[in-house]
Protein chains: 2
Amino acid sequence: MVASGKTPAKPSPRGRPPKRADQPDLRVRILDAAEDLFARHGFYGVTTRQVAREAGVDVALTHYYFGAKRSLFDEVFLRRAEILNQERLESLDAYEAAHAGRMTPEGAITAFVNPMIERSLSGGAGWKSYFSLVAQVNNTPHWGGETMTRFFDPVVQRLIELLRKAMPEATDTDLYWGYQFLTGAMMLVLAETGRIDLLSNGLCRSGDLDAIRTRLAAYCAAGFRQMVAGHSAPSSIN
Amino acid sequence: MVASGKTPAKPSPRGRPPKRADQPDLRVRILDAAEDLFARHGFYGVTTRQVAREAGVDVALTHYYFGAKRSLFDEVFLRRAEILNQERLESLDAYEAAHAGRMTPEGAITAFVNPMIERSLSGGAGWKSYFSLVAQVNNTPHWGGETMTRFFDPVVQRLIELLRKAMPEATDTDLYWGYQFLTGAMMLVLAETGRIDLLSNGLCRSGDLDAIRTRLAAYCAAGFRQMVAGHSAPSSIN
DNA sequence: GTCTATAACTGGATAGAC
DNA sequence: GTCTATCCAGTTATAGAC
């Protein structure tokens, strides 16, 4: 909710004991614990008591700070969404500013995806949990689609805008479906489910985001192009 | 568990009243209800009482037929997995038999995906629920990756085999990652979360699997090719 | 095979003491 | 702000009547 600026502003040793509503450690510890557990077991798979135990606080405290269980979940979801959305918007803006007139699908997709890969690689365990959580919500019927839309739509619309400029021949229908494929692929890899490790018998590792970074944008950009080309020259390949 | 051959073998009107362990309606009704609810709310989001109520049977019956809640879930998951796996294997076999020596990524992917699209389009509500359920499991950490592997690996390995023949220059690493992107995209669209409807403001509809049929294979096939080409000639495109 | 009844327990949530 | 104690609705699961 609150900006990330003020880091350790503790130069008033005689003032009131730190009481600002957004600083106390407990809020953060509860959020962290909830994030970790929700990511692992989903909303219904976690009890407020588990959250309290993992956070090392009393059960009643979770209600004191966040009210109902559902509000706690919402705050977990919101916390990093705001950070992520800002980073992605900046990344897309920067890309457009530097490449106006000669944008490519690869470039736009990379600008869109990179902030997430960076956070997953260097953001710590909390970000890993967060992406796992978002990946689950992404594939949840009704409620999931609505939630993803509510939290992430502006950035996605911005990406579509850049893709439209990079591929003026593409129809909007193609752009939306192409994005759907992109986000499905991206969310699955960010979830790091361990599936590919088993499938490939250890050759590929879920956590190897560098392998993804070099592949996903190329893969999806080629997909967009092919979809677009397919309309002008419908291939008869079986 | 049991083959799908014997359909309505009821020509013995004077024998014993139908008592075969695999025929009674109740098992099926419970499975159907459970499938629908698990698909909508996930494993922990559903109670055995809800299942019983939706099936129109007593709570105790769910335990009588399936034992613990978890076994019920497993049977739901298994029931259509067997049908689907067989259909996909047959589809892949048929494609290879008809196009040996001149297989394409498009063709192999289409053969892999088509049975699912057909079932989702014409299989009825149960199949829709089932795909929604699988899509959720697909994005579930640890447990999801392990489950998907356990139930679906043979067909996936078969697909990879065909892709390897269609693109001999591709490395296994590329093939596995390419499949990861494919399955992420495919599962998201089969989940029909309504996301694309909201995102596109009604232009695209989640349930429009024909739109997907004509796009997904082309999209992913182009992705595979580009990934492969990227190695021999690393592009400097930003 | 089906249902009644209940055991045994866990869940979210809060009132009120400290 | 924090914890104790508790309410009570709802849970899985089963024993035993029909």
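Computation of the quantities below employed the complete heavy-atom set of this structure, encompassing side-chain atoms and omitting hydrogens, waters and symmetry-equivalent molecules.
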Asker: Is there any side chain to side chain donor-acceptor pair (under 3.5 Å) pair reaching into residues 32-46 of chain A, and which pairs are they, with sequence neighbours excluded?
Answerer: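 Qualifying pairs, neighbours excluded: A:D32-A:R79, A:E35-A:R79, A:E35-A:R80, A:D36-A:R40.
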Asker: Tell me the salt bridge (charged side-chain N to carboxylate O under 4.0 Å, His left out) pairs involving residues 123-134 of chain B, sequence neighbours left out?
Answerer: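 Found B:K128-B:E192.
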Asker: Scan for salt bridge (charged side-chain N to carboxylate O under 4.0 Å, His left out) pairs involving residues 135-158 of chain B, sequence neighbours excluded, and state none if there are none.
Answerer: A:R195-B:D153, B:D93-B:R158, B:E96-B:R158, B:E146-B:R150, B:R158-B:E161
Asker: Could you grab the distance from atom SG of B:C204 to atom CD1 of B:I212, nearest 0.5 Å is fine?
Answerer: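 That separation rounds to 9.5 Å.
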Asker: For DNA chain D, which residues of residues 53-61 of chain A approach it to below 4.0 angstrom with any heavy atom?
Answerer: A:D58, A:A60, A:L61
Asker: Quick check on C:dG1: is either OP1 or OP2 less than 4.0 Å from any side-chain nitrogen or oxygen of B:Y65?
Answerer: no
Asker: Could you work out, with ring-ring contact (aromatic ring centres under 6.0 Å, His included) as the rule, every residue matching A:F73, not counting sequence neighbours?
Answerer: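 Testing A:F73 for ring-ring contact (aromatic ring centres under 6.0 Å, His included), a comparison that skips the adjacent residues, returns A:F38, A:F43, A:W143.
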Asker: Give me each pair satisfying salt bridge (charged side-chain N to carboxylate O under 4.0 Å, His left out) with a member in residues 53-72 of chain A, each pair once, sequence neighbours excluded.
Answerer: A:R70-A:D74
Asker: Kindly write out the residues that satisfy salt bridge (Lys or Arg N to Asp or Glu O under 4.0 Å) with B:D197, not counting sequence neighbours, or none if the list is empty.
Answerer: none
Asker: Can you list the residues that meet the side-chain contact (heavy atoms from CB on, under 4.5 Å) rule with B:N201, with sequence neighbours excluded?
Answerer: none
Asker: Separation of B:D25 atom CG from C:dG1 atom C1', in whole Å?
Answerer: 14 Å
Asker: Measure across B:A135 and B:A191 and return the closest heavy-atom pair with its distance rounded to 0.1 Å.
Answerer: CB-CB, 3.6 Å
Asker: Taking only N and O in the side chain of B:Y64, is any of them less than 4.0 Å away from OP1 or OP2 of D:dA13?
Answerer: no
Asker: Determine, for nucleotides 7-12 of chain C in 5'-to-3' order, which nucleotides have protein heavy atoms under 4.0 Å from the base (write B), from only the sugar-phosphate (write S), or from neither (write -).
Answerer: ----BB
Asker: Name every residue in residues 30-44 of chain B that has at least one heavy atom under 4.0 Å from any atom of DNA chain D, in order of residue number, or write none if there are no such residues.
Answerer: none
Asker: Take the C1' atoms of the five end pairs on each side of the helix from C:dG1-D:dC18 to C:dC18-D:dG1, derive the two axes, and give their angle rounded to 10 degrees.
Answerer: 0°
Asker: Output every pair passing salt bridge (charged side-chain N to carboxylate O under 4.0 Å, His left out) with a member in residues 108-126 of chain B, not counting sequence neighbours, ordered by first then second residue.
Answerer: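 Non-adjacent pairs meeting salt bridge (charged side-chain N to carboxylate O under 4.0 Å, His left out): B:E87-B:R119, B:E118-B:R213.
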Asker: Which heavy atom in B:A108 sits nearest to a heavy atom in B:L159, and how many Å separate them?
Answerer: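 Nearest heavy atoms, B:A108 then B:L159: O-CD1, 3.7 Å.
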Asker: Nearest 0.5 Å please: distance from the CE atom of B:M148 over to the OG1 atom of B:T183.
Answerer: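 Reported to 0.5 Å precision, the distance equals 5.5 Å.
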Asker: Determine the minimum heavy-atom distance between B:F112 and B:P115, stating which atoms define it.
Answerer: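 Reported closest heavy-atom pair: O-CD, 3.7 Å.
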